[in-house]
Trainee: 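Here it is: the structure, laid out below.
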Amino acid sequence: MITVYGYSPSGNCHKLRMLLGHLGREHRWVETDSAHGATRTPEYLAKNPNGRVPMIELDDGRRMVESNAILAWLADGTSYFAGDAWQRAQTLSWMFFEQYSHEPYVAVARFICGWTPADSPRRADLPRLRERGDQALAVMERHLSANDWFSSTGYGIADIALFGYTHCAADGGFDLAACPRVVDWLARVRAQPGFVAMPPIAAENAALIAQSA
């Protein structure tokens, strides 16, 4: 049995929920509200000193952190992480892109809009974050002009990794209408067998996002 410690509104956590749904793999989800300090308790920090979600824990006590590393482990030996060494490395390259060039801007803008007060000084960062996030989305749009997927052999973990925060990018003030191929790709992801949608966010977060539009 896999136990997942995750915060449902987090794209990084939702990636795992998606892949586990595709695989039909039984697991236990422990809701861990990182926005309200659940990852900073002594009990959680004893398991993950970095104090973040997601984290998985196996019945034998082994633990793993970092969402894309967990995706690679879960998908090993399946069609979601297929191909030869070159193809698998190409898949990983998009997962590194997601964590280095996409998530720090798209995800952080979303967090500021929905999880910080309306008068937070962090909101001054939004123009820069949106500029850099738009650059990442433009890279994705160009790739999709000649490819259906980001994983090298078909739909797989690179697509799941990028879906995590791209599908809710509008929460951070991004206009996906400028990226029609990305919009089409999101629809293809949602059409995959076993797809699991992200649960609705709390009303308080939705209200903050509406004020940030």
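If you're wondering where the values come from, they're calculated on a predicted model, not measured in any experiment. This chain uses plain numbering: 1 for the first residue, then up along the sequence. Side chains included, hydrogens not; waters and symmetry mates left out as well; all remaining heavy atoms used.
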Trainee: Whether the Y155 and H22 side chains hold a donor-acceptor pair (N or O, under 3.5 Å, no angle test) is what I'd like checked.
Mentor: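 Side-chain D/A pair, Y155 to H22: present.
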
Trainee: If we ignore hydrogens and angles and just use 3.5 Å, is the side chain of N147 paired with the main-chain N or O of H143 as donor and acceptor?
Mentor: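 Answer holds: yes.
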
Trainee: As a quick check of understanding, evaluate side chain to side chain contact (heavy atoms under 4.5 Å, CB included) for R188 and D148, giving each step before the final call.
Mentor: CA-CA 9 Å; R188 290 195 294 275; D148 288 336; 4.3 Å; yes

Trainee: Apply side chain to side chain contact (heavy atoms under 4.5 Å, CB included) to L16 and I56, showing your working.
Mentor: CA-CA 9 Å; L16 307 191; I56 63 169; 4.1 Å; yes

Trainee: Do you know which two heavy atoms are closest between V182 and L137, and how far apart they sit?
Mentor: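 Smallest heavy-atom distance, with atoms named: CG2-O, 4.1 Å.
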
Trainee: Measure across V183 and L176 and return the closest heavy-atom pair with its distance rounded to 0.1 Å.
Mentor: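 Here V183 and L176 meet closest at CG2-O, 3.4 Å.
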
Trainee: Just by modelled atom types, is the H102 backbone N or O under 3.5 Å from a matching donor or acceptor in the R132 side chain?
Mentor: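 Answer holds: no.
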
Trainee: Is a side-chain N or O of S212 found less than 3.5 angstrom from the main chain of L208, in a donor-acceptor match?
Mentor: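 Yes, the answer is positive, given that a donor and an acceptor are paired below the 3.5 Å cut-off.
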
Trainee: Counting distance only, does the side-chain N/O of S145 pair as donor-acceptor with the main-chain N or O of R142 below 3.5 Å?
Mentor: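 Yes, because the side chain of S145 sits within donor-acceptor range (under 3.5 Å) of the backbone of R142.
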
Trainee: Can you name the nearest heavy-atom pair linking F174 to A109, along with the distance?
Mentor: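 Smallest heavy-atom distance, with atoms named: CE1-CB, 3.7 Å.
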
Trainee: With the side chain counted from C-beta on, respond yes when T39 and R52 share a heavy-atom pair under 4.5 Å apart, and no when they do not.
Mentor: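 Counting from C-beta outward, T39 and R52 never come under 4.5 Å.
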
Trainee: Taking the side chain as everything from C-beta on, heavy atoms only, tell me whether N50 gets closer than 4.5 Å to V65.
Mentor: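 SC-SC contact between N50 and V65 ruled out.
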
Trainee: When you look at CD of E66, are more than 12 heavy atoms from neighbouring residues, nucleotides or ligands closer to it than 6.0 Å?
Mentor: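 Atom CD in E66 is not packed in, count stays at 12 or less.
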
Trainee: Are the side chain of R110 and the backbone N or O of I209 linked by a donor-acceptor pair below 3.5 Å?
Mentor: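 Between the backbone of I209 and the side chain of R110 there is no qualifying donor-acceptor contact (under 3.5 Å).
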
Trainee: Rounded to the nearest 0.5 Å, how far does CG of D134 lie from CG of D175?
Mentor: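 Going from CG on D175 over to CG on D134, the span is 8.5 Å.
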
Trainee: Counting the benzene-type ring for Trp, do F163 and F195 have ring centres under 6.0 Å apart?
Mentor: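 Yes: the rings meet the under 6.0 Å criterion.
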
Trainee: Between L58 and M64, is there a shared hydrophobic cluster once you connect ILVMFWY residues whose side-chain heavy atoms come closer than 4.5 Å?
Mentor: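 Yes, L58 connects to M64 through the hydrophobic network.
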
Trainee: Hey, is E98 close enough to K15 for a salt bridge, meaning N to O under 4.0 Å?
Mentor: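 Salt bridge present between E98 and K15.
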
Trainee: Quick one: are N48 and Y5 in side-chain contact, heavy atoms under 4.5 Å?
Mentor: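 N48 does not reach Y5 side chain to side chain.
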
Trainee: Q192 side chain to V189 main-chain N or O, any donor-acceptor pair under 3.5 Å?
Mentor: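 Not at all, since once roles are kept as given, no pair shorter than 3.5 Å links the two residues.
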
Trainee: Between N68 and A161, which heavy-atom pair has the shortest distance, and what is it?
Mentor: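 Taking N68 first and A161 second, the nearest heavy atoms are OD1-CB, 3.6 Å.
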
Trainee: Using the test salt bridge (charged side-chain N to carboxylate O under 4.0 Å, His left out), find all partners of R181 that sit at least two apart in sequence or belong to another chain.
Mentor: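 Listed in chain order: E141.
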
Trainee: Hey, does L144 have a side-chain heavy atom less than 4.5 Å from the side chain of F150?
Mentor: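 Yes, side chains in contact.
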
Trainee: Does a donor on one side chain sit under 3.5 Å from an acceptor on the other, for D159 and W185?
Mentor: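 On atom types as modelled, these side chains qualify, holding a pair under 3.5 Å.
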
Trainee: Quick check: closest heavy atoms across S10 and Y165, and the distance to 0.1 Å?
Mentor: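 That would be OG-OH, 3.4 Å.
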
Trainee: Can you see whether S8 engages R17 through a side-chain donor-acceptor pair at a distance of less than 3.5 angstrom?
Mentor: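 Per modelled atom types, S8 and R17 side chains form a pair under 3.5 Å.
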
Trainee: Could you go through the side chain to side chain contact (heavy atoms under 4.5 Å, CB included) check for L74 and I2 one step at a time?
Mentor: CA-CA 10 Å; L74 287 170; I2 297 172; 3.6 Å; yes

Trainee: Go through the steps to decide whether D33 and Y7 satisfy the test side chain to side chain contact (heavy atoms under 4.5 Å, CB included), and finish with yes or no.
Mentor: CA-CA 5 Å; D33 189 346; Y7 180 45; 3.2 Å; yes

Trainee: For the pair H27 (side chain) and T3 (backbone), establish whether a donor and an acceptor sit closer than 3.5 Å, ignoring hydrogens and angles.
Mentor: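 Side chain of H27 to backbone of T3, a donor-acceptor pair under 3.5 Å: no, none is there.
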
Trainee: I want to check something: taking the side chain as every heavy atom from C-beta on, are C113 and D171 in contact at a cut-off of under 4.5 Å?
Mentor: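 They are not in contact (no side-chain heavy atoms under 4.5 Å apart), so the answer is no.
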
Trainee: So does A158 get a backbone contact from the side chain of S151, meaning a donor-acceptor N/O pair under 3.5 Å?
Mentor: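 Pair found, side chain donor or acceptor close to backbone of A158.
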
Trainee: Could you grab the distance from atom CD1 of I112 to atom CZ of R122, nearest 0.5 Å is fine?
Mentor: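 Here the interatomic distance stands at 4.5 Å.
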
Trainee: Would you check if V106 and L129 make a side-chain contact, meaning some heavy-atom pair closer than 4.5 Å?
Mentor: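 Side chain of V106 against side chain of L129, heavy atoms only: no contact under 4.5 Å found.
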
Trainee: Can you see which heavy atom on S67 is nearest to which on Q99, and at what distance?
Mentor: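 Closest heavy-atom pair between S67 and Q99: OG-NE2, 4.4 Å.
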
Trainee: Is K47 salt-bridged to E57, going by a charged N under 4.0 Å from an acidic O?
Mentor: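 Answer for the salt bridge query: yes.
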
Trainee: Examine R88 relative to F81 and say whether NZ or CZ is less than 6.0 Å from the centre of the six-membered ring and inside a 45° cone about the ring axis.
Mentor: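 Satisfied, under 6.0 Å and within 45°.
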
